[in-house]
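Just so it is clear, the values below take in all heavy atoms, side chains as well, and ignore hydrogens, waters and symmetry mates. Each chain gets a letter, A, B and so on, in the order the sequences are listed, and its residues count up from 1.
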Amino acid sequence: MPEGPSILLMKENLLPFVGKQVTEASGNAKFDKEIFIGQTLLEIRTFGKQTYLIFDNAAIRIHLLMFGSYSIDEQTKPDQSLRLALIFSTGGMYFYTCSVKSVDLEFLSSIDWEADVMSDQWNPAKAKKKLKANPEMMVCDALMDQNIFSGVGNIIKNEVLFRIGVQPESLLGNLPPQKIKSLIAEARNYSFDFLEWKREFTLKKHWLVHTKSTCPICGQKLIKKQTGKGKRRSFYCEKDQTLY
DNA sequence: ATACATGTTGGCGC
DNA sequence: GGCGCCAACATGTA
């Protein structure tokens, strides 16, 4: 489920509940669910991989992490994995094996919404500044950094780096300006391609390097390696992706 | 069946 | 106190 585009799709699916009143709240998430009963869901906002269900006095923050999932209108998984269920007169939303907590509305204003690569508020110039401030950082870590590219996950990371022909362990400070530019542009572009492919259930078919073994350009064997401080797996072509 | 994976956090040691 | 590294967690799949 979890990279930014998938979360945007989840939001779309939850949208019919906006304007509706919560009639029941349950699940094993450890926070005061009762206070949301009788409250109207005012808005759903996403920030990268996070989702905020916004009510009058507080918001519920949901993060699917690696294995989280959700369903609508019907509980589809064992009770034990149900973190949160919100029931409305028109149906319900169910969240499983994820991080759920309540945050006050003030918290929302502390979020740097301009860091969300899929947001209308996405600010490429600001991203550029953040990259400039970290010349020693590897580009693979930069892409995964939720303060810089909120919403980007490991799949997007691998595909973006292939698209722009940059080796994952390249240092930001060594990247030529036009590579920085395409890095920022493709982080957003690929996320939207991901969104459309995911919507059509053809995402995997479009992977060029992620989980692949040969380079689609030169046919050479791809390198599979844990890279960066995050030690997340990278798939890349030594020939078609330059180490800066 | 064992290992690994679309992710983050909290705790430990320095 | 702050930083960095790593274990822990959770579930489906190969």
Side-chain angles (χ1 to χ4, degrees), chain A residues 1-13 27-31 46-52 60-71 75-84 94-103 107 110-112 115-118 133-134 136-138 140-163 168-169 171 186-213 222-236:
Chain A
M1 264 281 84
E3 301 195 26
S6 305
I7 301 308
L8 222 47
L9 281 177
M10 175 169 87
K11 177 185 164 177
E12 278 182 24
N13 292 326
N28 62 18
K30 296 191 290 289
F31 71 101
T46 61
F47 174 65
K49 302 164 191 169
Q50 308 165 24
T51 303
Y52 293 92
I60 299 176
R61 174 193 185 270
I62 296 162
H63 197 306
L64 263 28
L65 300 174
M66 195 93 98
F67 310 124
S69 61
Y70 71 101
S71 65
Q75 187 175 338
T76 58
K77 302 209 174 182
D79 213 57
Q80 206 181 5
S81 69
L82 181 67
R83 289 279 180 281
L84 175 69
Y94 303 81
F95 301 96
Y96 309 91
T97 44
C98 52
S99 156
V100 184
K101 55 186 176 186
S102 176
V103 300
F107 178 81
S110 73
I111 294 175
D112 179 11
D116 183 342
V117 295
M118 303 197 72
N134 291 287
E136 299 300 315
M137 190 186 255
M138 284 184 182
C140 58
D141 286 326
L143 270 170
M144 296 292 282
D145 188 325
Q146 300 300 296
N147 294 312
I148 307 176
F149 295 107
S150 181
V152 170
N154 206 36
I155 298 172
I156 297 175
K157 176 199 79 180
N158 283 325
E159 294 295 319
V160 165
L161 289 174
F162 178 71
R163 269 194 181 183
E169 291 166 312
L171 300 184
E186 289 307 324
R188 180 173 166 91
N189 285 343
Y190 186 83
S191 294
F192 281 99
D193 288 342
F194 182 125
L195 174 66
E196 289 319 310
W197 292 328
K198 181 91 185 173
R199 199 195 295 283
E200 297 160 359
F201 307 104
T202 61
L203 178 64
K204 285 190 188 181
K205 198 181 85 183
H206 286 92
W207 288 347
L208 297 179
V209 289
H210 191 256
T211 72
K212 299 292 180 184
S213 53
L222 291 176
I223 308 293
K224 175 184 172 182
K225 182 185 175 191
Q226 310 283 114
T227 61
K229 291 195 173 170
K231 292 198 169 62
R232 299 297 303 276
R233 61 180 186 160
S234 289
F235 297 84
Y236 61 93

Legend entry - Heavy-atom neighbours of A/Gln226 CD exceed 12 at 6.0 Å: yes
Inset, instruction - Grab the NZ-P distance between A/Lys225 and B/dA5 for me, whole Å please. - result: 15 Å
Inset, instruction - Respond yes when some side-chain nitrogen or oxygen of A/His210 is under 4.0 Å from OP1 or OP2 of B/dT6, and no when none is. - result: yes
Legend entry - Residues in ring-ring contact (aromatic ring centres under 6.0 Å, His included) contact with A/Tyr190, at least two apart in sequence or another chain: A/Trp197
Inset, instruction - Quickly work out the A/Lys231 NZ to B/dA5 P distance and round it to whole Å. - result: 14 Å
Legend entry - Under the side-chain contact (heavy atoms from CB on, under 4.5 Å) test, residues paired with A/Met138 that sit two or more places apart: A/Cys140, A/Asp141, A/Glu169, A/Leu171
Inset, instruction - Give the rounded distance in Å between these two atoms: CG of A/Asp141 and P of B/dT8. - result: 13 Å
Inset, instruction - Please report, rounded to the nearest Å, how far the P atom of C/dG4 is from the CD atom of A/Glu136. - result: 13 Å
Legend entry - Taking every non-hydrogen atom, the tightest pair across A/Glu159 and A/Val209: OE2-N, 3.0 Å
Inset, instruction - Round to a whole Å and report the spacing from CG of A/Asn154 to C1' of B/dT8. - result: 14 Å
Legend entry - Smallest separation among heavy atoms of A/Ile156 and A/Ala187, with atom names: CG2-O, 4.4 Å
Legend entry - Gap in Å between the two P atoms, one belonging to B/dA3 and one to C/dA7, rounded: 15 Å
Legend entry - Whole-Å gap separating P (B/dT6) and CG (A/Leu143): 14 Å
Legend entry - Short side-chain N/O contact to B/dT6 OP1/OP2 from A/Lys49, under 4.0 Å: no
Inset, instruction - State, with a plain yes or no, whether a side-chain heavy atom of A/Leu64 is found less than 4.5 Å away from one of A/Ile7. - result: yes
Inset, instruction - Answer yes or no: does a side-chain N or O of A/Arg233 lie under 4.0 Å from OP1 or OP2 of B/dA5? - result: yes
Legend entry - Interatomic distance where CD1 belongs to A/Ile7 and C1' belongs to B/dG7 [whole Å]: 11 Å
Legend entry - From OG1 (A/Thr227) to OH (A/Tyr236), nearest 0.5 Å: 7.5 Å
Legend entry - DNA chain B stem ranges, 3 or more consecutive Watson-Crick or G-U pairs under 3.5 angstrom: B:2-5 with C:11-14, B:7-14 with C:2-9
Legend entry - Out of C/dC5, B/dG7, C/dC6, whichever nucleotide has its closest atom nearest the side chain of A/Pro2: B/dG7
Legend entry - Integer-rounded Å distance: B/dT6 C1' and A/Phe201 CZ: 17 Å
Legend entry - A/Arg199/A/Glu12 ion pair, N-O < 4.0 Å: yes
Inset, instruction - Go along nucleotides 9-14 of chain C 5' to 3' and tag each nucleotide: B for a protein heavy atom under 4.0 Å from its base, S when only backbone or sugar atoms are that close, - otherwise. - result: -BBS--
Legend entry - Within-4.5 Å side-chain heavy-atom neighbours: A/Thr76 and A/Tyr94: no
Inset, instruction - For nucleotides 9-14 of chain B, just jot down a letter per nucleotide in 5' to 3' order: B, S or -, based on protein non-hydrogen atoms under 4.0 Å. - result: S-----
Inset, instruction - Taking ring-ring contact (aromatic ring centres under 6.0 Å, His included) as the test, write out the residues that go with A/Phe235, two or more places apart. - result: A/His210
Legend entry - Heavy atoms from other residues, nucleotides or ligands near CD of A/Glu136 exceed 12 (cutoff 6.0 Å): no
Inset, instruction - Answer whether the closest heavy-atom distance between the side chains of A/Ser6 and A/Phe194 falls below 4.5 Å. - result: yes
